[in-house]
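We number each residue from 1, following the sequence as shown. Remember, it's a predicted structure, so these values are computed and weren't measured experimentally.
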Amino acid sequence: MKITDIHAHYDDERFEGKEKELLKELFDGNVETVIGAATKLETSENQIKLAESFDGFYASVGIHPENADDPEKIEYTIKELEKMLSHPKVVAIGEIGLDYYWEDYPSRENQKKYFEAQIELAMKHGYPVVVHDREAHGDCLEIARKYKGVKGVFHSFSGSAEMAKELVSLGWYISFSGVVTFKNARKTVEAAEVVPIDRILTETDAPYLTPHPFRGTRNNSGYVSYIVEKLAEIKGISADEMAQTVAANARKLFFAKETF
């Protein structure tokens with residue numbers, strides 16, 4: 001079974017500078033594709049550097065909502081991200097979105113400005129977006145409705161089954177992390193039940209959200225197999241079929257760039 005991980009942070013300090021050693025081991029094993037997730041300009045550059053080191057590693061570039069704190073920098077930031085899109089291994093803009101977990105920092109208004117500016121950049125150049133949605137389901141869904149032409153995925157999906165259905169109807173993909181394997185993840189399992197298999201993606205969000213039975217330890221792309229197995233169980237198909245379907249979905253979303 002070949003593994004596809006569409007969202008990971010291998011430049012995180014938890015990898016203690018040994019991320020290249022780990023990635024070599026993973027790619028020598030059953031990991032086929034990893035897409036590095038960015039949170040600001042610096043980490044966007046980090047993902048590109050990792051992508052240059054491994055055939056199976058690709059980069060997303062973007063500004064996470066927790067870094068959307070200065071609206072005066074939006075124009076400069078968008079120009080810098082636009083330059084990065086010329087790199088052949090950049091396949092998406094992300095992770096971008098809204099995060100309302102921390103009260104009013106950055107402000108919701110600023111987060112929305114960065115989110116929409118990056119969606120517009122993605123649509124201008126035909127790139128998919130990777131959306132971070134933390135306790136901001138209503139506003140994220142409203143923006144998804146507004147930009148009906150954009151392609152993308154809601155990563156580590158935490159919304160309801162009803163929200164998942166609407167996003168799929170709007171053309172979005174839904175990505176499931178290790179959360180779907182947790183014993184208390186009824187809501188996430190319900191969402192997985194209603195998402196068609198041709199819209200499902202898998203991820204680790206490494207080093208975070210490690211699946212059962214390794215929950216609480218540092219995550220890595222090799223653990224996607226546990227997510228695949230859980231999704232296969234939910235859908236009543238084999239793990240191999242699920243893994244192959246996820247790989248095909250990832251190719252369709254990230255490696256078939258279109259112009260809007």
Are more than 12 heavy atoms, taken from residues, nucleotides or ligands other than Lys89, located less than 6.0 Å from that residue's NZ atom?
yes
Would you check if the side chain of Arg14 reaches a backbone N or O of Arg218 as a donor-acceptor pair within less than 3.5 Å?
no
How close do His9 and Phe15 get, heavy atom to heavy atom, and via which atoms?
O-CE1, 3.2 Å
Please check if the side chain of Tyr114 supplies one atom and the backbone of Leu98 the other of a donor-acceptor pair under 3.5 Å.
no
Check against side chain to side chain contact (heavy atoms under 4.5 Å, CB included), Val129 and Gln118:
CA-CA 8 Å; Val129 296; Gln118 291 178 97; over 6 Å; no
Electrostatic pair Glu190-Arg186, nearest N-O below 4.0 angstrom
yes
Distance-only side-chain donor-acceptor flag, Glu95 / His132, under 3.5 Å:
yes
Cationic N near anionic O, under 4.0 Å, Lys79 to Glu75:
yes
Taking NZ, NE, NH1 and NH2 as the nitrogens, is one of them in Asp139 or Lys112 under 4.0 Å from a carboxylate oxygen of the other?
yes
For the residue pair Gly36 and Gln47, what are the closest heavy atoms and their distance?
CA-OE1, 3.2 Å
Going hydrophobic residue to hydrophobic residue with side-chain gaps under 4.5 angstrom, can you get from Phe157 over to Ile234?
yes
Just by distance, do the side chain of Lys2 and the backbone of Val31 share a donor-acceptor pair under 3.5 Å?
no
Let me confirm one number: the OG-CG distance from Ser221 to Leu26, rounded to the nearest 0.5 Å.
5.5 Å
Please name the pair of heavy atoms, one in Ile200 and one in Val246, separated by the smallest distance, quoted to 0.1 Å.
O-CG2, 3.8 Å
For Thr202 and Met242, what are the C-alpha separation, side-chain angles and deciding distance, and is it a side chain to side chain contact (heavy atoms under 4.5 Å, CB included)?
CA-CA 10 Å; Thr202 54; Met242 178 57 70; 5.8 Å; no
Ser177 and Leu209 have their tightest heavy-atom pair at OG-CD1, 3.6 Å
Ile48 to Ala59 - nearest heavy-atom pair and separation
N-CB, 3.9 Å
Are Val224 and Val189 connected, step by step, through hydrophobic side chains (Ile, Leu, Val, Met, Phe, Trp, Tyr) whose heavy atoms are closer than 4.5 Å?
yes
Lys/Arg N to Asp/Glu carboxylate O, Glu82 vs Lys124, below 4.0 Å
yes
Before we go on, tell me: are the rings of Phe254 and Tyr58 under 6.0 Å apart, centre to centre?
no
Please check if atom CG in Asn184 has more than 12 non-hydrogen atoms from other residues, nucleotides or ligands closer than 6.0 Å.
yes
Quick one: CD1 on Ile96 to NE2 on His64, what's the gap to the nearest 0.5 Å?
11.0 Å
Establish, from distance only, whether the side-chain atoms of Thr43 and Asp11 form a donor-acceptor pair under 3.5 Å.
no
Hydrophobic cluster membership, with links at side-chain heavy-atom distances under 4.5 Å among I/L/V/M/F/W/Y: are Ile174 and Ile237 in one?
yes
Would you say the side-chain atoms of Glu116 and Tyr147 include a donor-acceptor pair closer than 3.5 Å?
yes
Test your reading of the model: is there a side-chain donor-acceptor pair from Lys151 to the backbone of Gly126, 3.5 Å cut-off?
no
Taking the side chain as every heavy atom from C-beta outward, state whether Arg215 and Thr181 have any atom pair closer than 4.5 Å.
no
Measure the spacing between OH of Tyr76 and CG of Asp70 and express it to the nearest 0.5 Å.
12.5 Å
Indicate yes or no: does Lys83 engage Glu80 in a salt bridge with an N to O separation below 4.0 Å.
yes
Between Arg134 and Trp102, what is the shortest heavy-atom contact and its length?
NH1-NE1, 4.2 Å
Start with the C-alpha gap between Lys113 and Glu109, add the side-chain angles, then the distance that decides, and say whether salt bridge (Lys or Arg N to Asp or Glu O under 4.0 Å) holds.
CA-CA 6 Å; Lys113 287 179 180 178; Glu109 181 183 1; 3.5 Å; yes
Side chain Lys230, main chain Val180, donor-acceptor under 3.5 Å:
no
Going from CG on Leu121 to CD1 on Ile93, what distance comes out if it is rounded to the nearest 0.5 angstrom?
4.0 Å
